[in-house]
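Remarks on the structure that follows.
Note on naming: letters A, B, ... go to the chains in the order of the sequence lines (proteins, then strands), and numbering restarts at 1 for each one.
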Protein chains: 2
Amino acid sequence: MSTSLHHRAIENLGTRIITGELPTGHIMLAEHLEEELKVSRSVVREAVRVLQSLGLVETTKRVGIRVLPPSRWNPFDPQVIRWRLSSDARGAQLRSLIELRSAVEPAAAELAANNAPAQLRRELVDIAHALRDAGHNGDAQKFLELDIAFHSVLLSGSGNEMFANLMGQVAETLTGRTVHGLMPDHPHEGALQWHVDLAEAVAAGDAAAARDASEQIMRRTTSRLSDTWTDQPRVFIPVRRN
Amino acid sequence: MSTSLHHRAIENLGTRIITGELPTGHIMLAEHLEEELKVSRSVVREAVRVLQSLGLVETTKRVGIRVLPPSRWNPFDPQVIRWRLSSDARGAQLRSLIELRSAVEPAAAELAANNAPAQLRRELVDIAHALRDAGHNGDAQKFLELDIAFHSVLLSGSGNEMFANLMGQVAETLTGRTVHGLMPDHPHEGALQWHVDLAEAVAAGDAAAARDASEQIMRRTTSRLSDTWTDQPRVFIPVRRN
DNA sequence: TGACACCGATGTGTGCAGACATCAAAACTC
DNA sequence: GAGTTTTGATGTCTGCACACATCGGTGTCA
């Protein structure tokens, strides 16, 4: 009972829309939602307003609340990502996130090597060494924590708030990976060293080396996970013209 | 008066928070907002709920509605981006977007060369040629439209919905560029050719060439705009740990 | 006397119920 | 078919009850 009714209503409708249980074009009435969710009008209205701002629904007078097509959803919203990760589209969502990370992290590494404050560089090196140790010792729990911390600090160090914000979603991905049993028992030895190389390149201000190391890491991560989405068809969202 | 009260309330509070007129930690009371905005409680409550989902405010019982620090804002939300683009932080926002584009578009070009459907490839080539013609003829209006269309189609062709979604924000950036008088009278001749090269590489399925051409374009775009944000300090968002 | 734990008063968001206003789709009239 | 009326859903407003975090007073104990 700790979560608010408002929050639960958003969660309920959001997941049902994203799983496709409430398909594109499906029309709901606020009044109907009241009795279905057993909540009052204000709760329904506030939830619908939030879903509207996420691009999941639109409201039209005399019609009702219409579910919008996936192309209108805001794919960068943390909630939308979380809902997709726990739906049938998990593979497609993971692929999107990995492709985004593969594009962004090398750029972030370059920026961090050029701009990050000294303390952050030191922290990155420390984490990389601890990460290598945890990997050698087979401490899976600690390894995961340090892995998330490493990439978070790296993205923060880019000084680009959009990059930095991705860390939350990266964390979801990584934790989700373990949850779904996609983590290896023993981390790859080369990957551990690449993390150290990356940290030291950033510390030394060597942007090119930092990018190289990051690209190595992302290539390996991609190849390790790519078989989870081979069955997922790519969706080509039509260009919206006014 | 066409926009709803709800929407106007969001716009009012959102802009004032992002410009810093309502600083981090500032506390408002719902009751006070009612009389200030001259709207009823329901409007205020729905607006606050949306701002909450954007990470701009949080509500606490017995305290009120507290403005959150910029590190909590969702930097990928289109509304937040728009507000930041029309605030003092416009330079920083532009830099973030360009860095993101620079990271994403070459990756999108690669993906498009590997995966895009045939019709999309043809369309891209047609647009590139039309873009070159418009550039030669000095037709600024048409050039802008085609430029937006080109990058939109390219990002859509990646088959990654997150990449595809960036086109909206790219469009904002590009149109904002002309609005702020940052467009050259005559587009760079090399850039026009690079667009054609990129389109033809995608059409031919040559991922490496597509990436190269895209990187060229982004390098030029970055260097052309970088003097608009030289005075903007980089902000290093602290890593949020639970 | 002073420090500390307890507890009730207070204020604020949360949730509820009902009413009227508004406006666009649908039905109707000509 | 064009213009008009009707209808039905969201939009907006208001009063009320409740939950609960914070604050300040009270009592207890050292």
Side-chain angles (χ1 to χ4, degrees), chain A residues 1-17 22-69 72-74 79 242, chain B residues 1-17 22-69 72-74 79 242:
Chain A
M1 289 297 169
S2 65
T3 62
S4 65
L5 292 182
H6 162 72
H7 187 265
R8 268 190 288 173
I10 291 178
E11 207 68 21
N12 182 317
L13 294 175
T15 53
R16 285 164 66 195
I17 289 172
L22 300 174
T24 298
H26 179 75
I27 287 180
M28 302 166 290
L29 271 46
E31 190 187 6
H32 178 242
L33 289 177
E34 290 178 38
E35 51 191 43
E36 182 186 337
L37 303 178
K38 299 279 195 291
V39 293
S40 72
R41 181 111 183 263
S42 55
V43 173
V44 169
R45 289 183 52 78
E46 287 162 24
V48 167
R49 279 275 144 84
V50 171
L51 296 175
Q52 196 176 26
S53 85
L54 301 183
L56 266 60
V57 302
E58 73 180 355
T59 61
T60 316
K61 281 189 174 182
R62 172 72 196 193
V63 173
I65 300 152
R66 182 186 290 112
V67 176
L68 292 174
R72 299 283 299 277
W73 303 347
N74 180 356
Q79 291 190 107
N242 303 336
Chain B
M1 289 299 168
S2 64
T3 62
S4 65
L5 293 181
H6 162 73
H7 186 265
R8 268 189 287 170
I10 291 178
E11 207 68 20
N12 183 317
L13 293 175
T15 53
R16 284 165 66 194
I17 289 173
L22 300 174
T24 298
H26 180 74
I27 287 180
M28 300 165 292
L29 272 45
E31 190 187 5
H32 178 243
L33 288 178
E34 291 178 36
E35 50 192 45
E36 183 186 337
L37 303 178
K38 300 279 195 291
V39 293
S40 71
R41 247 178 317 160
S42 53
V43 173
V44 169
R45 285 174 51 168
E46 288 161 23
V48 168
R49 279 274 144 84
V50 171
L51 296 176
Q52 195 177 25
S53 83
L54 300 183
L56 265 59
V57 302
E58 73 179 357
T59 62
T60 318
K61 281 184 181 181
R62 172 69 192 174
V63 174
I65 300 151
R66 193 196 332 264
V67 175
L68 292 174
R72 299 284 298 277
W73 303 347
N74 180 354
Q79 291 188 105
N242 304 337

Quiz item: Please, which pairs that meet side chain to side chain donor-acceptor pair (under 3.5 Å) have at least one residue in residues 32-43 of chain A, sequence neighbours excluded?
Solution: A:Arg16-A:Glu36, A:Ser40-A:Ser42

Quiz item: Rounded to the nearest 0.5 Å, how far apart are CG of B:Leu37 and CG of B:Leu5?
Solution: 10.0 Å

Quiz item: Mapping A:Thr60 and B:Lys61 onto DNA chain C by nearest heavy atom, which one lands closer to the 5' end?
Solution: B:Lys61

Self-check item: Option from B:Leu56, B:Leu68, B:Thr24 for which side-chain contact (heavy atoms from CB on, under 4.5 Å) with B:Ile17 holds
Solution: B:Leu56

Quiz item: Does A:Arg62 get its side chain close enough to the base of D:dT10, under 3.5 Å, for a donor-acceptor pair?
Solution: no

Quiz item: To the nearest 0.5 Å, what is the distance between CD (A:Glu46) and CD (B:Glu46)?
Solution: 6.0 Å

Practice problem: Could you tell me the separation between the CG atom of A:Leu37 and the P atom of C:dC16, rounded to a whole number of Å? | Solution: 11 Å

Quiz item: Between C:dT14 atom C1' and B:Glu58 atom CD, what is the distance in whole Å?
Solution: 16 Å

Practice problem: Mind calculating the distance between CD1 (B:Ile27) and P (C:dG11) to the nearest angstrom? | Solution: 16 Å

Quiz item: According to a strict under-4.0 Å criterion, is B:Thr59 in side-chain N/O contact with OP1 or OP2 of C:dT12?
Solution: no

Quiz item: Roughly how many Å is it from CZ in B:Arg66 to P in D:dA21, rounded to a whole number?
Solution: 14 Å

Quiz item: C:dC16 P sits how many Å from A:Leu33 CG, rounded?
Solution: 14 Å

Quiz item: Which whole-number value in Å describes the distance from B:Leu29 CG to C:dT10 P?
Solution: 18 Å

Self-check item: Main-chain N/O of A:Val57 paired to A:Trp73 side chain as donor or acceptor, under 3.5 Å
Solution: no

All N/O contacts under 3.5 Å from nucleotides 12-14 of chain D to the protein, with atom names and distances to one decimal?
from: D:dT12; atom 1: OP1; to: B:Leu5; atom 2: N; distance (Å): 2.8
from: D:dC13; atom 1: OP2; to: B:Ser40; atom 2: N; distance (Å): 2.8
from: D:dC13; atom 1: OP2; to: B:Ser40; atom 2: OG; distance (Å): 2.7
from: D:dC13; atom 1: O5'; to: B:Ser40; atom 2: OG; distance (Å): 3.4

Quiz prompt | For atom CD1 of A:Ile65 and atom C1' of D:dT10, their distance in whole Å | solution = 8 Å

Quiz item: Is the backbone of B:His7 close enough, under 3.5 Å, to the side chain of B:Ser4 for a donor and an acceptor to pair up by distance?
Solution: yes

